[in-house]
Participant: 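This is the structure, below, for whatever I ask next.
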Amino acid sequence: MKYSSILLLAVLFWTACSTPVSNPSISIIPAPAKMEVQNGSFTLSPSSKLVLKDEGKFSNEVEFLQITLEHALDSKISEDGKGTEIELIFDSQIQPAGAYQLDIDSDKASLKAGDATGMFYALETFRQLLPADLEGNKTSGEILIPTVKIEDQPTLEWRGMHLDVSRHFFSIEYLHRYVDLLALYKMNKFHLHLTDDQGWRMEIKQYPELTEKSAWRTFNNQDSVCMEKAVEDPRFNFEEKHLREVDGQTQYGGFYTQEELRELVAYAQSRHIEIIPEIDMPGHMMAAIQVYPELACTNSAGWGKVFSTPLCPGKEEVYTFVENVLTEVMDVFPSKFIHIGADEVEKSTWESSKESQDLMKREGLDDVEELQTYFVERVTDFLKSKGKEVIVWDDALNAGLDPSVYVMYWRSWAAAVPEKIAANGNPMILVPGNPLYFSRLDAKMYPIYHLPLYGNKYPEEKANLIQGMQAALWSETVPSEALADAIIFPKMLALAERAWSTPEVHDWESFKVRLQSQLKRLDALGVNYSYEVTKELIPFMNVDEENQQIGITLDSELSNPEIHYTLDGSIPSLESPKYEGEFFVKGSALVTAAVFDDGKALEPYLTRQVDYHKAIGKPVTYYKPWNGAYPAGDAGSMTDGLRGGDTHHDGKWQGFTNDIDVTIDMGVVQELNSFSATFMQLSGPGILMPGAVEVSLSSDGENFHQVLSIENDIPKEEKELIFKDFTGSLGGEKARYINVKAINSQRAFIFTDEIVIN
Ligand code: ACM
């Protein structure tokens with residue numbers, strides 16, 4: 001190469017290095033409480049000067065700043081720097097905990113906080129002001145940062161993510177990375193589900209077989225599901241690093257040593273994240289019972305109707321085991337909280353266990369639900385005696401619970417659970433399965449972003465019991481880190497903003513725009529997120545009893561989409577009414593709506609039956625119960641005006657495994673003209689039509705006469721999702737009480753969303 005070419009290259013190289021890089025937009029997530037962008041820039045370079053006015057409180061945060069700068073600038077900064085200043089200031093006036101201020105002008109970036117957590121969040125915000133691609137590629141030149149003033153603070157105290165490492169195992173390195181990503185978005189709780197039926201993941205020195213044997217398994221039926229899916233999507237493949245060969249047999253699994261977990265905890269602490277370990281008990285304990293079968297009432301591991309055989313509360317050695325395990329757990333995890341699960345307990349082995357029955361007699365316990373409460377409270381007492389707070393899942397509340405125990409609300413289909421938790425006085429963390437179980441790739445962000453803190457039946461004066469929100473990743477069918485990334489990201493960002501930002505700055509349209517920049521950051525960080533903007537419309541219904549109408553709100557993941565709708569089931573055209581915010585339906589309508597692009601309606605269209613009918617809000621007496629797993633809105637569900645969509649999981653469809661037998665009280669004798677109830681059939685999960693629906697009327701609530709018997713005509717062989725309206729005339733007859741029976745002649749699940757009376 002000629003000398004001149006070398007010179008030219010050198011000049012080009014110098015120019016490239018010296019061209020400052022900058023972020024094209026400010027796109028902070030979660031949105032800060034207050035932000036004022038000014039018209040200038042601050043130049044960050046390796047010669048910037050570090051100024052500490054921190055009274056020695058921020059040494060960990062200074063280290064984090066240096067790591068961030070080394071990453072972006074390939075250099076730390078020093079207190080002897082000659083360039084622009086970055087100052088970290090302790091200011092006790094800045095409250096509450098976690099609050100911070102950031103004041104960047106052209107020659108100084110001032111970061112102020114009243115505690116180390118606030119300073120850490122100031123630094124994470126500062127990091128987001130740097131160009132996204134510096135997360136992956138350093139610059140050795142200068143970085144221009146927009147001049148901006150920010151004042152920010154957390155809104156909800158609990159901003160959590162959960163990870164199930166039992167059903168599938170995730171490497172300790174993945175957990176470190178998880179912590180980093182949580183911290184980037186100011187999440188502060190990491191709930192680690194360490195044990196379950198399918199694998200025990202934490203080394204317990206006193207019970208070595210828990211990890212020597214029970215951290216490993218041969219492939220199970222959930223693994224087969226993954227293998228089938230892997231044919232189409234390689235993210236469902238198992239990771240080689242979690243396989244081992246024993247005596248010619250392939251085993252799947254892994255565990256964390258106490259040393260690894262201690263390091264993880266310390267790392268998380270340096271990122272202001274509390275790791276909350278969960279040892280799920282007395283159910284979900286099969287991994288332990290397999291190696292210590294004496295812990296079960298039956299002295300063997302096994303399955304009941306739905307859930308695995310639990311620990312035996314009647315045996316003293318169970319408490320010895322639990323206390324020994326928890327002692328080691330507490331030794332590794334200094335968290336304020338220990339989670340003991342207490343969900344989904346199959347109690348039939350307790351009914352037939354002499355030890356458990358004897359214990360119930362001694363303690364005056366009426367049934368096995370009370371025995372569960374005894375178990376939970378006894379373990380709680382032990383943990384509290386060691387200075388810990390205890391967390392359980394909401395099914396632990398079935399027969400009462402010490403009100404100091406924190407409860408995670410997860411059964412979103414059981415509408416009255418938050419009220420029950422409030423009535424019992426327990427602090428509550430919101431983890432409603434819909435929408436905070438991040439188990440599906442195609443789950444939507446809109447409902448996460450808009451998740452209300454509580455519904456209209458929740459007593460407002462108990463709002464202070466709500467600690468915050470958390471999403472869960474259950475890993476039954478998540479065998480790889482790539483798939484876990486894809487399920488969590490970017491949904492977690494919607495949760496982060498929902499939980500951190502003040503209601504005043506929540507803005508879905510702005511979030512969607514800022515998200516685009518954050519996706520670049522996630523790209524640079526090597527996060528395998530999955531984000532397909534769906535054109536599906538998301539309907540919300542609001543029953544307005546005062547004006548006897550139903551308000552419909554439509555939203556979309558698209559930015560400011562053009563939406564048109566009809567009320568008669570016809571496909572909307574550009575001439576159909578344009579959606580411009582909530583609209584109202586009086587009477588019945590089949591709302592059909594679509595997003596338009598270039599004058600064309602895009603599929604899928606939304607269709608939703610909406611009925612403001614005579615029975616809305618009228619009390620319903622159930623003579624036979626709904627199935628506990630599908631209560632929808634409990635007893636109010638059949639007359640709440642909320643029609644279901646196309647999945648029985650949407651919290652609107654009430655499921656029964658017996659006949660339906662209910663009576664609606666219309667309040668006064670009145671003319672009744674029509675009856676209609678829609679049923680769903682989806683034969684895969686065993687949901688079939690009732691054989692017939694019978695309607696009887698009465699004026700006094702005692703003497704009924706049958707007026708309708710509507711037969712089913714949908715064969716059970718029909719495999720596709722199908723809906724049938726069982727409809728008939730009530731002939732203008734005058735009556736007050738309407739009895740409805742749906743005969744479950746196929747002994748399947750039957751599902752209906754509403755009984756519509758006009
Ligand atoms: C749970 O999903 N069983 C808490």
Side-chain angles (χ1 to χ4, degrees), residues 158 160-168 189-201 220 222 225 276-289 303-311 337-347 369 372-373 375-376 379-380 390-399 401 405-418 420-421 426-440 443 448 451 467-478 484 487-488 491 495 627-631 648-651 655 685:
W158 190 291
M161 280 298 299
H162 151 288
L163 185 65
D164 166 11
V165 295
S166 168
R167 274 53 177 271
H168 282 103
K189 308 282 181 196
F190 178 9
H191 170 178
L192 192 53
H193 184 79
L194 280 164
T195 65
D196 213 302
D197 298 321
Q198 292 80 1
W200 186 284
R201 305 297 177 205
N220 63 23
Q222 285 160 347
V225 173
I276 294 113
E278 178 183 355
I279 306 294
D280 202 345
M281 63 182 81
H284 288 274
M285 258 287 169
M286 190 182 228
I289 293 172
W303 287 94
K305 271 200 197 125
V306 185
F307 306 117
S308 63
T309 304
L311 299 175
F337 297 98
I338 303 286
H339 200 309
I340 58 167
D343 56 321
E344 299 183 323
V345 184
E346 164 73 47
K347 303 177 184 89
E369 294 300 332
Q372 152 99 348
T373 298
F375 175 88
V376 168
V379 178
T380 296
V390 175
I391 309 181
V392 295
W393 296 106
D394 65 47
D395 14 2
L397 206 75
N398 284 352
L401 184 65
V405 174
Y406 286 64
V407 177
M408 282 190 171
Y409 161 53
W410 69 281
R411 291 177 301 160
S412 44
W413 65 83
V417 170
K420 201 167 152 188
I421 298 170
N426 300 79
M428 171 168 68
I429 297 144
L430 306 179
V431 198
N434 180 8
L436 291 184
Y437 275 20
F438 285 2
S439 46
R440 283 176 31 206
I448 301 166
L451 181 69
Q467 310 296 300
M469 299 179 175
Q470 176 178 295
L473 180 74
W474 296 103
S475 62
E476 282 92 336
T477 53
V478 187
I487 290 174
I488 297 166
K491 290 200 274 293
L495 173 64
N627 182 285
Y630 296 98
H648 59 290
H649 289 295
D650 69 3

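Just so you know, ligand 1 is whichever comes first in the structure, and atom 1 is the first atom listed for that ligand. The figures that follow rest on heavy atoms only: side chains count, while hydrogens, waters and symmetry mates do not. Everything quoted here is computed from the prediction, not taken from an experiment.
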Participant: Does Asp343 reach ligand 1 with a nitrogen or oxygen that is under 3.5 Å from one of the ligand's nitrogen or oxygen atoms?
Facilitator: yes
Participant: Does some side-chain heavy atom of Asn398 sit less than 4.5 Å from a side-chain heavy atom of Gln372?
Facilitator: no
Participant: With nothing but distance in play, are any N or O atoms of Tyr437 less than 3.5 Å from an N or O of ligand 1?
Facilitator: yes
Participant: Return yes or no for this condition: an N or O of Glu344 is under 3.5 Å from an N or O of ligand 1.
Facilitator: yes
Participant: How about His648 and Pro685: do any of their side-chain heavy atoms sit closer than 4.5 Å?
Facilitator: yes
Participant: Are the ring centres of Trp158 and Phe337 closer than 6.0 Å?
Facilitator: yes
Participant: Number the atoms of ligand 1 from 1 as they appear, then name those within less than 4.0 Å of a heavy atom of Trp474, with their elements.
Facilitator: 1 (C), 2 (O), 4 (C)
Participant: Between Asp197 and Trp303, is any pair of side-chain heavy atoms under 4.5 Å apart?
Facilitator: yes
